[in-house]
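First the proteins, then the strands, lettered A, B, ... as listed; each starts at 1. Computation of the quantities below employed the complete heavy-atom set of this structure, encompassing side-chain atoms and omitting hydrogens, waters and symmetry-equivalent molecules.
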Number of protein chains: 2
Amino acid sequence: MPQVGARPALSRSVEDYLKAIYRLALQASPVATSDIAQALDLSAPSVSGMVKRLSEQGLLEHVPYKGVELTDRGRRAALGMLRRHRILETYLVEKLGFTWDSVHPEAERLEHAASESLIERMALTLGNPAFDPHGDPIPQADGSVAEVESMPLTEIPPNSTVEILRVVTSEPKRLRYLAEFGLTPGSILYLVDRQPFHGPVTVRVGRKDRVLGHEMAALVLCRPTDGDQIA
Amino acid sequence: MPQVGARPALSRSVEDYLKAIYRLALQASPVATSDIAQALDLSAPSVSGMVKRLSEQGLLEHVPYKGVELTDRGRRAALGMLRRHRILETYLVEKLGFTWDSVHPEAERLEHAASESLIERMALTLGNPAFDPHGDPIPQADGSVAEVESMPLTEIPPNSTVEILRVVTSEPKRLRYLAEFGLTPGSILYLVDRQPFHGPVTVRVGRKDRVLGHEMAALVLCRPTDGDQIA
DNA sequence: TCGTTAAATTAGGTATACCTAATATTAATA
DNA sequence: TATTAATATTAGGTATACCTAATTTAACGA
Ligand SMILES: [Mn+2]
Ligand SMILES: [Mn+2]
Ligand SMILES: [Mn+2]
Ligand SMILES: [Mn+2]
C-alpha cells in the first residue's frame, strides 16, 4: 500500500535549476551563472535572480561574480531529481515501449509530478536498475551514484574491441542516428580506424563498417573488452 | 514509436478549473462561481478572475452574477483531462499495485504532465478500459462517455440484490472504510434493511451483515441484478 | 595602471495565479 | 416597494518566474 504523499516544496523551476547545476558542476565548479543560463535556455538576469533565491533557501552557495556551488541539501535534491528522471526514462522504455530517443522530454515533465512512492514502485518493478536506457547511472535512494570508467570512442586506439556503456546526448535525431548504426549501450564494436585532426572514426558493428564524424563519436563512451572478440 | 510531443498550452490551474466546472455542470448548469471556489478550495475573487481569463480564451461563457458554461472547446479539454486522470488511476492500480484510496492525488498531478502518447500507451496496455477503479467512466479518445444507469444504495428497496457500479468519493478514509466492508465496484450485495429519515442501511456482503450510515450509503451507486442471488 | 571587454548584477517591467477588503448586484423578505 | 442577505465582482496587493535595458565588476592586455 504505497502512500502517495505529495513531495514537493520545491517548484518545477527550482528542481530544474538544481539538476542543471549538479550536472554542470561535474564539468567545472563553481558553476558560472552564464552556463546555467545556457543549459536552461534562460536569460542571464533570470538566473541571477533565481540564484539569489536559491542561496537564501540554503540550496546553494553563491559568491557574486564567481559562481555557484550546491549545498548538501541542494545536492541531495538534485540527485533525487536525477533518480526520478532516469527511473522514469527506464520505465517508459522497458514497460511502455517508448524509444530511447523519445523519453527525455516526457521524463523532464513527469519528474516534477511523480511522488516518491510512484518512483520507488517503478524502480521495484524494474528490479532496481543501475543505469537508464542511455547508460546514465541512476542515483540510488541513499544518494550514491555508480562511478563507471569509460572513454569516448575518439580516444580508443584502433584495432580494439569495446563495449558501449553510455551515450551522452538527449537529442532525438542524434540518438536515432546512433541507434541505426547499432551504437547503443551494451553493444560490442571493433574500432577499425581513427583519423587525426578531429577526423572520422571507423567502427565495425556486427558485419558492417560505419564511419562516424568526430563530434558524434565523442558522445559514445566505451569500455575496452578483455579480448578482441571481433576480427 | 510513440512521439512524446508536449501537449499543454493550458496551465495546470486552467486544466483543474475546466475539470471542476465540467463535473459541477453535471449537477446544475450554469455553474455558480462560489461552487467552483468550494470545489477547488479557492477564494471567490480568485475564481472571478480566472473565469474572466477563461472566457476571454473562449473556454467558457460567463454571464456575470449568473454563472458559467463550458464552450465546446472547454468541454473537450475537460473530457481530455478526465480521460487522463482516470486512465492514470487505472494504470496505477492495475500495473503498479497502488490501492484505490491512494491514486487520486497522484493522478491529480500526473494528469498535467503526461503526454497524450503516454496516456494512450497506458490505455492500450490496460486494454482500453471503460471504467476506472472507482467505477468512474473513462471518456474515450473521441470524447464519448459511457452513460450508466445506477441508483444510490439509499434508494434501493429492501430485499433486493444489486451490483456496485461506482463509488463517488475520493476521500481515502471513506474509500478504505468501504473497501473493508467489501463495497467496491463489481461486488454483489443484498439489501437487508433501510431505515427512514436518513437512517442506516443494512447490507449483506458475502456472509456478513453491515450497517452503513445514510451519508456513506449515498456514495455507493448500484444496479439491480436479475435474480435475488443471495438469500 | 588604465582602459576595454566579457560576465554578472541591478533596475524595472510582464504574466499567472493566488489573497483580503471593499463594493456591487441580485433575489428574497418584510 | 424598501431592506437585507447572499452572491459575485472589483480594487489592490503578494509571490514566482520570466524578460530587456542599464549598470557594475573583474580580469587582462597595452
Ligand atoms: Mn524537468
Ligand atoms: Mn537518460
Ligand atoms: Mn489536477
Ligand atoms: Mn476515479
Side-chain angles (χ1 to χ4, degrees), chain A residues 6-21 24-25 27-69 74 77-78 81 108-109 111-113, chain B residues 6-21 24-25 27-69 74 77-78 81 108-109 111-113:
Chain A
R7 162 197 45 94
L10 301 182
S11 71
R12 178 177 173 162
S13 288
V14 167
E15 290 179 331
D16 282 337
Y17 270 86
L18 295 176
K19 204 157 47 100
I21 293 165
L24 290 168
Q27 308 281 126
S29 187
V31 176
T33 57
S34 54
D35 290 344
I36 302 172
Q38 186 173 34
L40 295 174
D41 195 24
L42 297 172
S43 72
S46 298
V47 174
S48 273
M50 179 63 96
V51 155
K52 186 183 289 176
R53 271 169 275 152
L54 295 182
S55 66
E56 279 161 6
Q57 286 181 63
L59 291 162
L60 49 79
E61 279 180 58
H62 180 213
V63 181
Y65 294 100
K66 283 294 179 178
V68 135
E69 269 175 304
M81 291 312 293
E108 198 57 55
R109 285 175 284 108
E111 64 190 0
H112 312 287
Chain B
R7 162 197 47 96
L10 302 182
S11 71
R12 176 176 174 164
S13 288
V14 167
E15 290 179 333
D16 282 337
Y17 270 87
L18 295 176
K19 204 157 46 103
I21 292 166
L24 290 167
Q27 308 281 128
S29 186
V31 176
T33 57
S34 54
D35 289 345
I36 302 171
Q38 186 171 35
L40 296 174
D41 195 25
L42 297 172
S43 72
S46 297
V47 174
S48 274
M50 179 62 97
V51 155
K52 185 182 289 175
R53 271 170 275 153
L54 294 182
S55 68
E56 280 160 6
Q57 286 182 60
L59 291 162
L60 48 79
E61 279 179 57
H62 180 214
V63 181
Y65 293 99
K66 283 295 179 180
V68 134
E69 270 174 303
M81 290 313 293
E108 198 58 56
R109 284 174 285 111
E111 63 189 1
H112 311 288

Rounded to whole Å, CD of Q57(B) lies from P of dA17(C) at a distance of 8 Å
_For a quick test of reading the model: is some side-chain N or O of S48(A) closer than 4.0 Å to OP1 or OP2 of dA8(C)?_
no
So CD of E108(B) and CD of E15(B): to nearest 0.5 Å the spacing works out to 10.5 Å
| request: Compare side-chain N and O positions of H62(B) against OP1 and OP2 of dT9(D) and report whether any pair is under 4.0 Å apart. | output: yes
Comparing nearest nucleotides in DNA chain C, the 5'-proximal residue of the pair P64(B), V31(A) is V31(A)
Exercise for the section: For dA17(D), take OP1 and OP2 only and decide whether either is under 4.0 Å from a side-chain N or O of S11(A). Expected result: yes
Q38(B) CD to dT7(D) P, in whole Å, measures 10 Å
Of the listed dA17(C), dT10(D), dA21(D), the closest approach to the P45(B) side chain comes from dT10(D)
When rounded to whole Å, the NE2 to P distance for the pair H112(A) and dT16(D) reads 18 Å
Value for CG (L54(B)) from CD1 (I36(B)), rounded to nearest 0.5 Å, stands at 8.5 Å
Below 4.0 angstrom from OP1 or OP2 of dA17(C), is there any side-chain N or O of R53(B)?
yes
note: M50(B), atom CE; dA8(D), atom C1'; distance rounded to Å ~ 17 Å
All heavy atoms of L10(B) vs all of A77(B), minimum pair found to be CD1-CB, 4.0 Å
* Return no unless some side-chain N or O of S46(A) is found under 4.0 Å from OP1 or OP2 of dA17(D). => no
L42(A) CG to dC19(D) C1', in whole Å, measures 10 Å
Output for pair (D16(A) CG, I21(A) CD1), nearest 0.5 Å, gives 11.0 Å
Fill in: Side chains of V14(A) and M50(A) in contact at under 4.5 Å (non-hydrogen atoms)
yes
Given dA7(C), is OP1 or OP2 found less than 4.0 Å from the side-chain N or O atoms of T33(A)?
no
Side-chain N,O (Y17(A)) to OP1/OP2 (dC18(D)) below 4.0 Å: yes
When rounded to whole Å, the CG to C1' distance for the pair L40(A) and dT16(D) reads 16 Å
Query raised in the report: Is the phosphate of dC18(D), meaning OP1 or OP2, less than 4.0 Å from a side-chain N or O of S43(A)?
Result: no
message: Taking only side-chain N and O atoms of S34(B), does any of them lie within less than 4.0 angstrom of OP1 or OP2 on dA6(D)?
response: no
Separation of dC18(D) atom P from R12(A) atom CZ, nearest Å, is 10 Å
Taking for S13(A) and for G49(B) the nucleotide of DNA chain D with the nearest heavy atom, the one nearer the 5' end belongs to G49(B)
Distance col, row S46(A):OG vs D41(A):CG, nearest 0.5 angstrom, shows 10.5 Å
Is any side-chain nitrogen or oxygen of K66(B) closer than 4.0 Å to OP1 or OP2 of dA27(C)? yes
Atom OH of Y65(B) and atom C1' of dA27(C) are separated, to the nearest Å, by 13 Å
